[in-house]
Every structure is written in structure tokens, then in C-alpha cells.
Undergrad: 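Structure provided below as C-alpha cells; questions to follow.
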Protein chains: 2
Amino acid sequence: MTIAIIDDELPMRRLLRAGLADGVRLVEAETGEAGIGLVAQENPDVVLLDLGLPDIDGIEVAKRIREWTDVPIIVLSARGQERDKIAALDAGADDYLTKPFGIGELQARIRVTLRHAERAKGPNPEALFESEGLRIDLSARQVFVEDSEIHLTPIEYKLLSTLVRHAGLVVTHKQLLTEVWGPAYAYEVHYLRVYMAQLRHKIESNPAQPRYLTTETGIGYRLRFT
Amino acid sequence: MTIAIIDDELPMRRLLRAGLADGVRLVEAETGEAGIGLVAQENPDVVLLDLGLPDIDGIEVAKRIREWTDVPIIVLSARGQERDKIAALDAGADDYLTKPFGIGELQARIRVTLRHAERAKGPNPEALFESEGLRIDLSARQVFVEDSEIHLTPIEYKLLSTLVRHAGLVVTHKQLLTEVWGPAYAYEVHYLRVYMAQLRHKIESNPAQPRYLTTETGIGYRLRFT
DNA sequence: ACCAATTCTTGATGCAGTCTTGATACTTCC
DNA sequence: GGAAGTATCAAGACTGCATCAAGAATTGGT
């Protein structure tokens with residue numbers, strides 16, 4: 001069992017260390033960026049996240065982590081405002097505790113998330129797609145073609161990452177549109193065509209005969225493995 | 001979407017009705033026993049549970065519900081003691097809000113539980129037909145013949161998947177036509193002939209003497225196992 | 001707060017793949 | 001042997017796809 005702590009305050013980390021030490025491996029980060037990297041590297045079972053980080057906002061950290069993993073995130077924050085809680089929970093957090101909190105309650109809430117994880121566990125989605133000349137790292141938000149990094153616009157990246165999360169499977173037009181542009185755009189198939197063309201130009205060596213981003217006529221698109 | 005409320009205080013139930021009314025069906029019970037029956041009967045998507053019930057304790061209600069279902073339980077309680085929270089969470093509750101709480105926070109926490117439930121449903125089981133040289137994976141929308149993938153057009157695929165869903169059984173002309181082309185085409189048997197021929201050419205090694213896609217003269221077609 | 005650069009949206013066009021339809025030959029059962 | 005049901009082939013109609021390009025909106029830097 002591994003628990004990741006993303007918090008810049010040493011006293012809080014000490015408290016957590018003292019309260020969680022039994023048979024658990026703790027890994028810690030003091031900034032948002034470091035925290036995201038830590039989660040990507042350690043693949044912990046639970047993430048304890050403070051909102052008041054020195055670099056990026058905790059909400060943003062939660063969103064970034066949610067881009068590639070469903071690991072339980074429990075927010076520990078001094079902010080008790082309702083709008084902070086709602087924002088954090090909707091950003092992908094699984095629970096929200098206001099400081100100060102009892103360590104026993106935190107332990108109980110960790111047990112709840114583990115119970116959920118136990119029930120939900122299946123083929124965990126890979127945070128990395130790698131195939132010959134193409135490498136896509138969802139946790140680092142980086143795409144490499146033949147070992148050189150490629151710049152993608154936000155929509156291009158979101159579209160590609162959606163395909164990566166379902167790598168090998170057909171993803172329907174509707175599914176892509178709702179996940180990338182939102183439910184209101186579920187039938188704007190033209191957008192997909194434009195952006196698939198752009199992605200192919202950036203990723204494929206011969207965009208007219210794609211190796212990776214293949215068309216499933218009448219259905220959607222697919223990211224092929226080989 | 002159905003939400004079950006187990007609470008004996010009318011003002012609280014009124015508050016919840018007002019705050020959750022949008023497109024949600026609310027079912028209510030005032031006692032623990034009635035609440036357990038309600039959950040069993042209505043099979044709600046979320047249960048909101050008060051701990052201070054007139055008959056049995058809320059903790060006990062949570063345990064009883066957990067004996068047969070994983071439906072999300074959110075405890076709403078006036079008791080703010082840590083030991084109550086721990087007891088409730090360990091009894092099977094998924095979240096614990098202390099009264100008074102903001103209705104917005106409750107809505108957000110309900111969204112979290114629904115997210116979890118969505119994820120726990122997981123990939124649909126047994127969407128796979130496999131027999132000697134033929135493999136059909138409905139979830140990936142892929143068809144393999146002798147380990148090499150076969151490309152099917154949308155109608156071809158829909159037709160084959162309909163046969164797969166009734167693998168081994170005879171599927172009538174009418175049934176196939178209504179499921180693939182729609183009710184308006186229920187008697188266009190000619191379409192079936194054309195597409196069955198195409199499917200056989202793609203799937204059978206000897207289309208004139210089909211091993212898998214067999215004709216049931218006057219009735220329909222069948223996908224044989226061996 | 002402004003300007004420049006990037007990114008997003010939208011329309012138009014040619015093309016490829018898919019569907020529909022008709023004609024014809026074959027098979028099976030009575 | 002005839003009739004109903006079935007298989008096959010092929011061409012035109014049609015839908016869906018790729019691509020280019022220009023104006024609108026947004027973003028980032030000063």
C-alpha cells in the first residue's frame with residue numbers, strides 16, 4: 001500500500017506520517033508539479049492533496065491527475081467554503097476534508113476509497129502509449145514522434161488522449177465529440193474531421209495512409225497499436 | 001435517476017426535495033425498517049441516510065443495506081463526533097455529511113458517488129464469440145479470421161453482431177431486418193441475401209458451403225458454434 | 001490595455017467507400 | 001418439372017470522408 005501526500009506544510013506532513021505509518025509506504029511532494037510527477041511515478045493507492053500549494057492550484061492538480069488515472073484523491077484543505085468543496089469534487093476529487101480533521105476520520109475515509117477501488121479494479125488504463133515511432137505520455141502531456149517532441153494544441157491533445165485511453169478499440173464519433181468538446185457538440189462530426197486531419201499531419205509520416213489514426217467509416221476512429 | 005431518503009424529520013426531507021428536485025425521482029421513508037424495504041423495492045441510485053431514526057440506528061440500517069447491495073450510501077447526520085463518522089463509514093457508508101450542510105455540497109458528493117458507480121459497472125461481460133478460426137469481439141468492434149483482422153462495413157458488422165448475440169439460435173428474417181435496418185425494412189429480405197453473401201465472402205473459407213453462417217430455409221439464418 | 005500570434009470555427013469542394021437496386025442463375029422441396 | 005426460396009454479380013446513387021482556406025475568437029506577451 002502506497003499513499004502519496006501533496007502538501008507544502010511540514011507539520012501537516014508530520015501529522016500524516018504519524019497517523020498513517022502502519023504498514024503503509026508514504027511518498028511526499030511539496031509542489032503541484034512535483035506531486036503530479038510523483039503520482040505518475042509511484043502509482044499510489046491513494047492521493048492526499050492540499051489545495052494551497054505554492055505553484056499551481058490544487059484543483060488544477062486534481063484535474064491533471066484525472067487526465068490519466070482514477071486513483072482516489074482525498075483533498076485536505078483549510079478552505080471550508082462550499083464552492084471550494086464543489087469545485088474540488090467536480091474536478092475529480094473523491095472526498096474533501098476540512099482542516100483540522102481527526103486522523104481517525106481520515107483513516108476511515110481512506111478505507112472507503114480503498115473499498116471502492118477494490119470493487120472497481122479491472123484492466124487499469126495505461127498512462128503510456130508506445131508503438132514504433134510514436135510515444136504518448138499522458139501523465140507528462142507529451143507526444144514524441146521519432147524521439148522528437150511534437151506540439152499539440154489543447155483540442156488536438158484532448159482528442160488524441162481520448163483515443164489513447166481506448167487504444168486499440170473503436171471510439172465512436174459521438175463518444176469523441178462528447179468527451180472532447182462536450183455533450184452539446186455530440187453531432188458536430190465536421191470538427192472531428194478537421195482535427196483528425198491535423199493530428200495525422202503531425203503524427204503520421206504519410207497522412208493519406210495512416211498507420212495509427214485509422215478511420216472506421218460510419219462509426220468513428222481508432223488508435224491502432226502497430 | 002432515483003434517490004432514496006431515509007429520515008424521520010419532515011423539514012429535512014422538505015429541504016432535500018427542494019434541493020434535488022431537478023429530473024430526479026425521490027422516494028422517502030421515515031423509519032429504518034421502512035427505509036431498508038424502500039431500498040430493496042426501488043433499487044435507487046443513491047441513498048441518503050439519517051442516523052437518528054426512531055426505530056433502529058442508522059449505522060445498523062447501513063449494515064443491513066450492505067448485506068445485499070453496493071448502492072452508494074451518504075449519511076446525513078447531526079452527530080459530528082469522529083467516532084460516529086468512523087462507525088458509519090466502516091459500516092458501509094460511502095460519505096458522511098454533518099448537518100447543517102450546503103445543498104450544493106450534497107449535490108457534488110452525489111455526483112461523486114454516481115461517478116464511482118458508473119466506473120464500477122465496467123466493461124460489459126461476455127461480448128465475445130470464439131470458434132476455431134473465427135473471433136468476434138463486440139466491445140472492441142473487431143472481427144478476426146485465422147488471427148488476421150477483417151474489415152466490415154457498418155451494416156455488415158451490425159448484421160453479424162446481431163447473429164452473435166443470438167449465437168447458435170435461428171434468427172428470423174424479420175428479426176434481423178428490424179434490428180439492423182429498422183422496422184420499416186422488415187420485409188426487404190433481398191437486403192439480407194446481399195449482405196449475408198458479403199459476410200460469407202469475408203468470413204467463410206468456402207462461402208458456398210458455410211461453416212458458420214448457415215441458412216435456415218424459409219425462416220432465417222443462424223451462427224453456428226463449431 | 002493593446003497588439004501579434006496562435007488556435008478555433010465554419011464553409012466549400014472533390015473523392016472514396018458504402019448502400020441500394022435490378023437482373024440472372026441456382027437450389028431445394030413438393 | 002415447377003415454384004418458392006436462395007445466391008451472386010455489378011452498376012449507379014448516395015452518404016460520409018479528407019482537405020484546403022479564410023474569418024472569428026482566444027491567448028500570450030509587452
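We name chains A, B, ... by the order of the sequence lines, and we start the count at 1 in each one.
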Undergrad: From CG of B:Leu199 over to C1' of D:dT6, roughly how many Å is that when rounded to an integer?
TA: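 Roughly 16 Å, once rounded to whole Å.
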Undergrad: Check this one for me: any side-chain N or O of B:Arg193 less than 4.0 Å away from OP1 or OP2 of D:dG5?
TA: no
Undergrad: What does B:Tyr185 touch in the nucleic acid at a heavy-atom separation under 4.0 angstrom: a base, only the sugar-phosphate, or nothing?
TA: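 Nothing: the residue B:Tyr185, judged by heavy atoms under 4.0 Å, touches no strand.
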Undergrad: CG of A:Asn206 versus C1' of D:dA18: gap in Å, rounded?
TA: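 Whole-Å distance recorded here is 13 Å.
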Undergrad: Quick check for you: name the first and last nucleotides of DNA chain C, 5' to 3', having an atom under 4.0 Å from a heavy atom of chain A.
TA: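 Contacts span C:dT7 to C:dT18, reading 5' to 3'.
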Undergrad: Between B:Arg200 and B:Thr215, is there a side-chain donor-acceptor contact under 3.5 Å, judged purely by atom types and distance?
TA: yes
Undergrad: Any base atoms under 4.0 Å from B:Val194, or only sugar-phosphate, or nothing? Heavy atoms, all strands.
TA: base
Undergrad: Would you call B:Glu105-B:Arg109 a salt bridge at under 4.0 Å N-O?
TA: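 Judged by the 4.0 Å cut-off on N to carboxylate O distance, B:Glu105 and B:Arg109 do form a salt bridge.
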Undergrad: Please state whether the rings of A:Tyr212 and A:Phe129 are parallel, tilted or perpendicular, taking 30° and 60° as the class boundaries.
TA: perpendicular
Undergrad: Give a yes/no answer on whether the side chain of B:Tyr221 brings an N or O atom under 4.0 Å of OP1 or OP2 in D:dG5.
TA: no
Undergrad: In terms of relative ring orientation, are A:Tyr195 and A:Trp181 parallel, tilted or perpendicular, with 30° and 60° separating the classes?
TA: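 Answer is perpendicular, since the angle exceeds 60°.
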Undergrad: Does a side-chain N-to-carboxylate-O contact under 4.0 Å join A:Asp57 and A:Arg79?
TA: yes
Undergrad: For B:Arg200 and D:dC9, what is the distance between atoms CZ and C1' respectively, to the nearest whole Å?
TA: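 Distance, rounded to whole Å: 16 Å.
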Undergrad: Measuring to OP1 and OP2 of D:dA7, would you say a side-chain N or O of B:Thr215 lies under 4.0 angstrom away?
TA: yes
Undergrad: Rounded to the Å, how far apart are A:Ile155 CD1 and D:dT27 P?
TA: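 It is 11 Å, rounded to the nearest whole Å.
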Undergrad: Once you round it to whole Å, what is the distance between C1' of D:dA18 and CD1 of A:Ile203?
TA: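 Atom-to-atom, A:Ile203 to D:dA18, this comes out as 17 Å.
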Undergrad: Assess whether a salt bridge exists between A:Asp8 and A:Arg13, defined as any Lys/Arg side-chain N lying under 4.0 Å from an Asp/Glu carboxylate O.
TA: no
Undergrad: Measure the distance from CG on B:Leu213 to P on D:dA7 and round it to the nearest whole Å.
TA: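 My rounded result for the distance is 11 Å.
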Undergrad: Starting from C1' on D:dG5, measure out to OH on B:Tyr187 and report it in whole angstrom.
TA: 17 Å
Undergrad: Could you tell me the separation between the CD atom of B:Glu179 and the OG1 atom of B:Thr162, rounded to the nearest 0.5 Å?
TA: 5.0 Å
Undergrad: Given atom CG of B:Leu192 and atom P of D:dT6, what is their separation to the nearest angstrom?
TA: 10 Å
Undergrad: With DNA chain D as reference, determine whether A:Thr217 or B:His201 sits nearer its 5' end, using the nearest nucleotide of each.
TA: B:His201
